[in-house]
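Structure first, commentary second.
Please read these numbers as outputs of a predicted model, since none were measured by experiment.
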Amino acid sequence: MVLIRLGTYYRYLVINKLDLQLSGSSVLDIGCFDGFLLSHINATRKIGIDTDILKKYPDIEYIKGDFMTYNFNNNKFDNIFSFDVIEHVKDDKIFIEKIIELLSVGGNAILSTPCENIRIFPSILQGWVNKKWGHIYRKGYTPQKIKNLVIDNNSIELNFIEWNCPTFRSLYLILSLLWKISPFITKKLLLSTIERDIHKTSGNNGFFFFEIRK
């Protein structure tokens, strides 16, 4: 049995805590891997795309491929989400433009990314963490840099939600090690960190979500 990724489970908990709405009639998950997040939402049609796919849930349509080059044949989605993917994409402007194009009128997309100045404790290991996370092109963004990617598009509304998560960032390396030993205990600790961090969401050293409404 393949162990779910720590980051995937953590984002699932954060999404629930922030009450972010991912359900819809037709939903697309960009960077889905095994489809864990898709499996926890209500949707008539669930599609997940990733270059690395693990087909785990029978109600999900898996696409093994590159989102940037894949032809969706004029399909539209009323909800699209992509968590901690954009920072790995070389042409991030085209990435955002394609998401907007795939959204149906009235549709909604929710994405997340690390902040440009993300700080994991101890800070001396930040460079190692960046490599571990595969940050080849950039380690993160500021809200202004996201705005600059869509500055020419007047057909959307852009909103931001900060998730500074100081407790999670201070314990990240310990949690990563413990996850391999005891996911059960780690899940309880993750819940505890979120309960602490929900009161400290503001800041630019963690992550943020941004919502695109069409």
Side-chain angles (χ1 to χ4, degrees), residues 3-24 27 29-43 79-88 99 107-123 125-126 129-130 132-133 135 138-147 157-213:
L3 180 66
I4 185 176
R5 294 168 174 171
L6 171 68
T8 299
Y9 189 77
Y10 177 69
R11 281 190 291 273
Y12 165 70
L13 296 177
V14 173
I15 288 163
N16 284 338
K17 191 66 178 179
L18 294 175
D19 196 26
L20 301 181
Q21 299 302 311
L22 305 183
S23 297
V27 178
D29 179 2
I30 305 166
C32 69
F33 184 50
D34 65 354
F36 177 81
L37 292 175
L38 275 174
S39 74
H40 285 80
I41 67 171
N42 294 317
N79 209 329
I80 298 173
F81 54 89
S82 181
F83 299 124
D84 291 12
V85 173
I86 187 172
E87 67 273 12
H88 301 283
I99 288 175
N108 187 60
I110 300 178
L111 296 85
S112 70
T113 181
C115 295
E116 187 175 69
N117 295 317
I118 189 169
R119 293 289 183 270
I120 297 296
F121 177 84
S123 58
L125 294 179
Q126 185 64 53
V129 171
N130 291 338
K132 181 177 182 292
W133 287 353
H135 292 164
R138 62 196 74 83
K139 65 179 180 179
Y141 288 84
T142 64
Q144 185 57 53
K145 287 188 175 181
I146 295 295
K147 291 177 183 178
E157 176 186 340
L158 189 61
N159 300 303
F160 295 90
I161 302 171
E162 294 179 341
W163 184 253
N164 199 41
C165 56
T167 309
F168 174 75
R169 289 186 289 107
S170 67
L171 297 175
Y172 170 72
L173 294 175
I174 295 173
L175 291 168
S176 296
L177 178 61
L178 187 59
W179 183 254
K180 298 176 182 179
I181 300 170
S182 176
F184 178 77
I185 294 175
T186 313
K187 287 178 179 180
K188 291 183 176 297
L189 290 175
L190 288 173
L191 281 169
S192 179
T193 68
I194 288 172
E195 290 301 324
R196 289 174 175 270
D197 287 339
I198 193 63
H199 304 292
K200 304 172 184 178
T201 57
S202 299
N204 60 0
N205 295 133
F207 302 81
F208 64 87
F209 294 85
F210 60 99
E211 183 180 44
I212 300 170
R213 292 183 178 273

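Inter-residue side-chain proximity for Leu125 and Leu173 is flagged as met; some heavy-atom pair is nearer than 4.5 Å. Taking the side chain as every heavy atom from C-beta outward, His40 and Tyr12 approach each other to under 4.5 Å. Annotation: side chain of Phe208 is in contact with side chain of Tyr141 (closest heavy-atom distance under 4.5 Å). Contact annotation: the side chain of Ile161 never approaches that of Phe210 to less than 4.5 Å [non-hydrogen atoms, C-beta and beyond]. Residues Tyr10 and Cys165 meet the side-chain proximity criterion, which asks for heavy atoms closer than 4.5 Å.
Expressed to the nearest 0.5 Å, how far CG of Leu22 lies from CD1 of Ile80 amounts to 12.0 Å. The distance from the CZ atom of Phe83 to the OG1 atom of Thr8 is 10.5 Å, given to the nearest 0.5 Å. Taken from CD1 in Ile212 to OG in Ser82, the straight-line distance is 10.0 Å, to the nearest 0.5 Å. To the nearest 0.5 Å, the span separating CD on Gln21 from CG on Asn42 amounts to 10.0 Å. Atom CD1 of residue Ile194 and atom OG1 of residue Thr167 lie 10.5 Å apart, to the nearest 0.5 angstrom. The distance from the CD1 atom of Ile185 to the CG atom of Leu175 is 11.5 Å, given to the nearest 0.5 Å.
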- Take Phe36 and Tyr9 through the side-chain contact (heavy atoms from CB on, under 4.5 Å) test and state the conclusion after the steps. CA-CA 8 Å; Phe36 177 81; Tyr9 189 77; 4.0 Å; yes

- Item | Worked check of side-chain contact (heavy atoms from CB on, under 4.5 Å) between Phe168 and Val14 | CA-CA 11 Å; Phe168 174 75; Val14 173; over 6 Å; no

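Heavy-atom minimum distance, Val27 versus Ala43: CG2-CB, 3.7 Å. When all heavy atoms of Asn108 and Ile110 are compared, the closest pair comes out as ND2-CG1, 3.6 Å. Ser176 and Leu6 make their closest contact through OG-CD2, 3.6 Å (heavy atoms, listed as atom of the first residue, atom of the second, distance).
Of the possible polar contacts, one joining the Asn164 side chain to the Gly206 backbone as a donor-acceptor pair under 3.5 Å is found.
Proximity of the aromatic rings of Tyr172 and Trp133 is defined here by a centroid distance below 6.0 angstrom, and this criterion is met. Here the two rings, on Phe209 and Phe160, have centers that are 6.0 Å apart or farther.
Among pairs with a residue in residues 177-193, none fulfils side chain to side chain donor-acceptor pair (under 3.5 Å), at least two apart in sequence or across chains. The salt bridge (Lys or Arg N to Asp or Glu O under 4.0 Å) pairs that include a residue from residues 189-213 are Lys17-Glu195, Glu211-Arg213, where partners are two or more places apart or lie in different chains.
Judged by the 6.0 Å distance and 45° axis criteria, Arg169 is not positioned over the aromatic ring of Phe121.
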I'd like a table of donor-acceptor pairs (distance under 3.5 Å, sequence neighbours excluded) in which one partner is a side-chain atom from residues 111-120, with atom names and distances.
{"residue": "Ser112", "atom": "OG", "partner": "Asp84", "partner atom": "N", "Å": "3.0"}
{"residue": "Ser112", "atom": "OG", "partner": "Asp84", "partner atom": "OD1", "Å": "2.7"}
{"residue": "Thr113", "atom": "OG1", "partner": "Glu87", "partner atom": "OE1", "Å": "3.2"}
{"residue": "Glu116", "atom": "OE2", "partner": "Lys145", "partner atom": "NZ", "Å": "2.3"}
{"residue": "Arg119", "atom": "NH1", "partner": "Asn117", "partner atom": "O", "Å": "3.2"}

